[in-house]
Amino acid sequence: MTAILEPAAQASAAPYATHDVTNQPPPPAPYDASEDAALLEGLRREGAGWAEDGIRRLGLRAGSIEAQEWGELANRHEPELRTHDRYGHRVDEVDFHPSWHELMRVAVAEGLAGAPWADDRPGAHVARTAGGLVWGHTEAGHGCPTSMTYAAVPALRRQPELAKVYEPLLTSREYDPGLRVPAEKRGLLAGMGMTEKQGGSDVRSNTTTAAPTAEPGVYTLRGHKWFTSAPMCDLFLVLAQAPGGLSCFLVPRILPDGTRNTFRIQRLKDKLGNRSNASSEPEFDGTVAWLVGPEGQGVKTIIEMVNCTRLDCVMASATLMRKTLVEAGHHVRHRSAFGARLIDQPLMRNVLADLALESEAATTLTLRLAGAADRAVRGDEGERAFRRIATAVGKYWVTKRGPAFTAEALECLGGNGYVEESGMPRHYREAPLLSIWEGSGNVNALDVLRALGREPGAADALFGELALARGADARLDAAVTRLKGLLATASPSGARRLVELMALTLQASLLVRHAPPAVADAFCATRLGGDWGHAFGTLPDGADLDAIVGRGLPGGV
């Protein structure tokens, strides 16, 4: 009997030979999310070189095992709505996983919310954008409340007495969650409520009403908003129809006397992506609100907030490109097929180089827009005009490129990238959002036409920027000439084509001036010269793939 059992016993003690793991990459974390030449060069060029040490430190933290796990957990354990307490009282609270709060705590402490408005150093807004480009490697959803908080400050300044109370707390670097009297907290977060079910981006069709009270500047709101993200923020800027027309209002969740304002959260949206972030439908019914700016000028008051959040959409899309490129590069550097590492396969290297070009162009444009925003805040009228048109152009194009880019980066991992554990499906679901929020593609393209028609300095500012690269590349010069021709016959139906060429010439001009020749030449040859296919990985044979990939991937080739 013993002789019969012995082989079985030996087999049970043997290792699982069929479970040997070979030809799989190691975990990508820890890594340095700031190891990006285009980002660091742009940071210095746009006037925030003083922030480089902090950005590098934040990049190491973003790529740490701990921070990457926070991002995964915040999405796995989604926010939960509690409309009532156990006794039946309305509470309208949203509960988040602790990882969400860890992400928020770091983001606010690192100045990614309202802090730049309290920082007099030139480049403060550029430094914030660069911080978002690296900290965004963790998780995208928590960027929504930090973005809205940043954007709320200039709009709130339209009502100085309100700004005096709330701005010091909106610019704080302390994350202080929980619903309490705003003035008694160490730091505040702000959201906004614009869209309604019948109108979406057409906010002038809003039906939420604002009735004046006996107290000057104080109103009561009644209505239902369709898409209000981050409902646990402390304050909201809301559009509603006052007697004098569509107006902007400040709505606190908790009133100064400590009572809860009426802010009934009807439900949380079940979204394609951005799942860690709660997006809600709040209902106002006798909700107390304070007027921000004059009656009837709600859009004019809140447009500065929209300009800021549009820049953050460009930033988030560029961040997503960079994050997925890093993931793809890590995989192909460690995975082999057909007798060679994937990164050494010529066609895969073409794909990576093409993705690296797109990523660098997006990052470079993002930082140029941030530089314009920073200088506009400091009174530069030329930069203000450039920012007005270029932000809408960048928002249209960079966010449009995101989904195709992310899909191609996912494909670099093959079937591994289609599995949730890789994180790539989460990034893929996130990508379309950035083209939709703060105005879809059509809204932004038409906004460019509106800027061209109503603000004479906008076109001059754009072509003045393009002229800085005149004569450096014949393909770019020819594209600028085509752009002037399209501009002369611009029409609403052709707005997308016009804005696309604006974006490509703007990106090309920046790369020609600031990127290595291999990068600028390949971008101009493909995006402007037509020597390109219809998918990533179709760079011409003459492109210097080694130089492009070596610059674009952390650690080089």
Side-chain angles (χ1 to χ4, degrees), residues 43 46-55 57-58 61 103-136 142-177 180-192 230 233-237 248 250 252 290 292-293 301-312 315 366-367 369-380 383-384 387 391:
L43 178 75
E46 298 298 338
W50 51 265
E52 184 170 339
D53 288 346
I55 295 299
R57 174 182 48 76
L58 185 59
R61 190 166 191 186
L103 291 165
M104 287 295 301
R105 188 168 290 109
V106 173
V108 174
E110 294 291 342
L112 305 187
W117 299 106
D119 191 337
D120 292 332
R121 289 175 293 182
H125 296 268
V126 178
R128 174 192 174 268
T129 298
L133 285 165
V134 298
W135 186 245
H142 79 293
C144 180
T146 57
S147 177
M148 293 189 297
T149 302
Y150 170 70
V153 173
L156 193 60
R157 287 177 174 177
R158 297 291 297 272
Q159 206 70 34
E161 64 272 22
L162 294 177
K164 182 179 180 180
V165 175
Y166 296 114
E167 184 173 328
L169 296 168
L170 291 169
T171 58
S172 168
R173 288 179 180 250
E174 290 198 58
Y175 175 58
D176 189 3
R180 300 191 301 283
V181 176
E184 297 176 2
K185 298 184 70 176
R186 300 187 306 276
L188 300 178
L189 297 175
M192 61 179 174
C233 287
D234 302 285
L235 312 168
F236 292 82
L237 291 179
C248 181
L250 178 73
W290 280 259
V292 179
T301 298
I302 212 167
I303 194 65
E304 182 64 21
M305 188 174 191
V306 173
N307 284 334
C308 291
T309 50
R310 282 181 175 175
L311 171 58
D312 280 3
M315 174 190 74
T366 298
L367 290 166
L369 296 176
D374 192 87
R375 289 182 282 275
V377 166
R378 300 173 198 286
D380 189 321
E383 287 290 86
R384 187 186 304 277
R387 175 203 184 197
T391 300

Starting from the C-alpha separation in whole Å, work towards a yes-or-no answer on salt bridge (charged side-chain N to carboxylate O under 4.0 Å, His left out) for Arg378 and Glu383. CA-CA 10 Å; Arg378 300 173 198 286; Glu383 287 290 86; over 6 Å; no

Is the backbone of Ala109 close enough, under 3.5 Å, to the side chain of Arg173 for a donor and an acceptor to pair up by distance? yes

Is there a donor-acceptor contact under 3.5 Å from the side chain of Arg128 to the main chain of Pro116? no

Worked check of side-chain contact (heavy atoms from CB on, under 4.5 Å) between Leu112 and Tyr150: CA-CA 8 Å; Leu112 305 187; Tyr150 170 70; over 6 Å; no

Heavy-atom distance under 4.5 Å between the side chains of Met104 and Leu189, does that happen here? yes

Derivation and outcome, salt bridge (charged side-chain N to carboxylate O under 4.0 Å, His left out), residues Glu110 and Arg57: CA-CA 10 Å; Glu110 294 291 342; Arg57 174 182 48 76; 2.8 Å; yes

What is the distance from atom CD of Glu304 to atom CG of Leu156, rounded to the nearest 0.5 Å? 12.5 Å

Thr301 OG1 to Arg157 CZ distance, which is reported to the nearest 0.5 Å: 14.5 Å

Measuring from atom CE of Met148 to atom SG of Cys308, what distance do you get when rounded to the nearest 0.5 angstrom? 13.0 Å

Check for a donor-acceptor pair, side chain of Asp176 on one end and backbone N or O of Lys185 on the other, with a separation under 3.5 Å. no

Does the side-chain contact (heavy atoms from CB on, under 4.5 Å) test come out yes or no for Arg186 and Tyr175, once each step is laid out? CA-CA 7 Å; Arg186 300 187 306 276; Tyr175 175 58; over 6 Å; no

Looking only at heavy atoms, which two atoms of Thr129 and Met315 are closest? And how far apart? O-SD, 3.4 Å

Checking the side chain of Asp234 only, and the main-chain atoms of Pro182 only, is there a donor and an acceptor separated by less than 3.5 Å? no

In terms of heavy-atom contacts, Gly114 and Thr171 come closest through O-CG2, 3.2 Å

Can you tell me how far CD of Glu174 sits from CG of Leu188, rounded to the nearest 0.5 angstrom? 11.5 Å

Any ion pair linking Asp380 and Arg387 (charged N to carboxylate O, less than 4.0 Å)? no

Quick check against the 3.5 Å criterion: does Trp50 have a side-chain atom that pairs as donor or acceptor with the backbone of Gly123? no

Treating Trp135 as the side-chain partner and Leu58 as the backbone partner, does any N or O pair qualify as donor plus acceptor under 3.5 Å? no

Evaluate side-chain contact (heavy atoms from CB on, under 4.5 Å) for Leu237 paired with Met305, printing each intermediate quantity in order. CA-CA 9 Å; Leu237 291 179; Met305 188 174 191; 3.6 Å; yes

Under the 3.5 angstrom rule, does the side chain of Thr149 hit a backbone N or O of Ala113 as a donor-acceptor pair? no

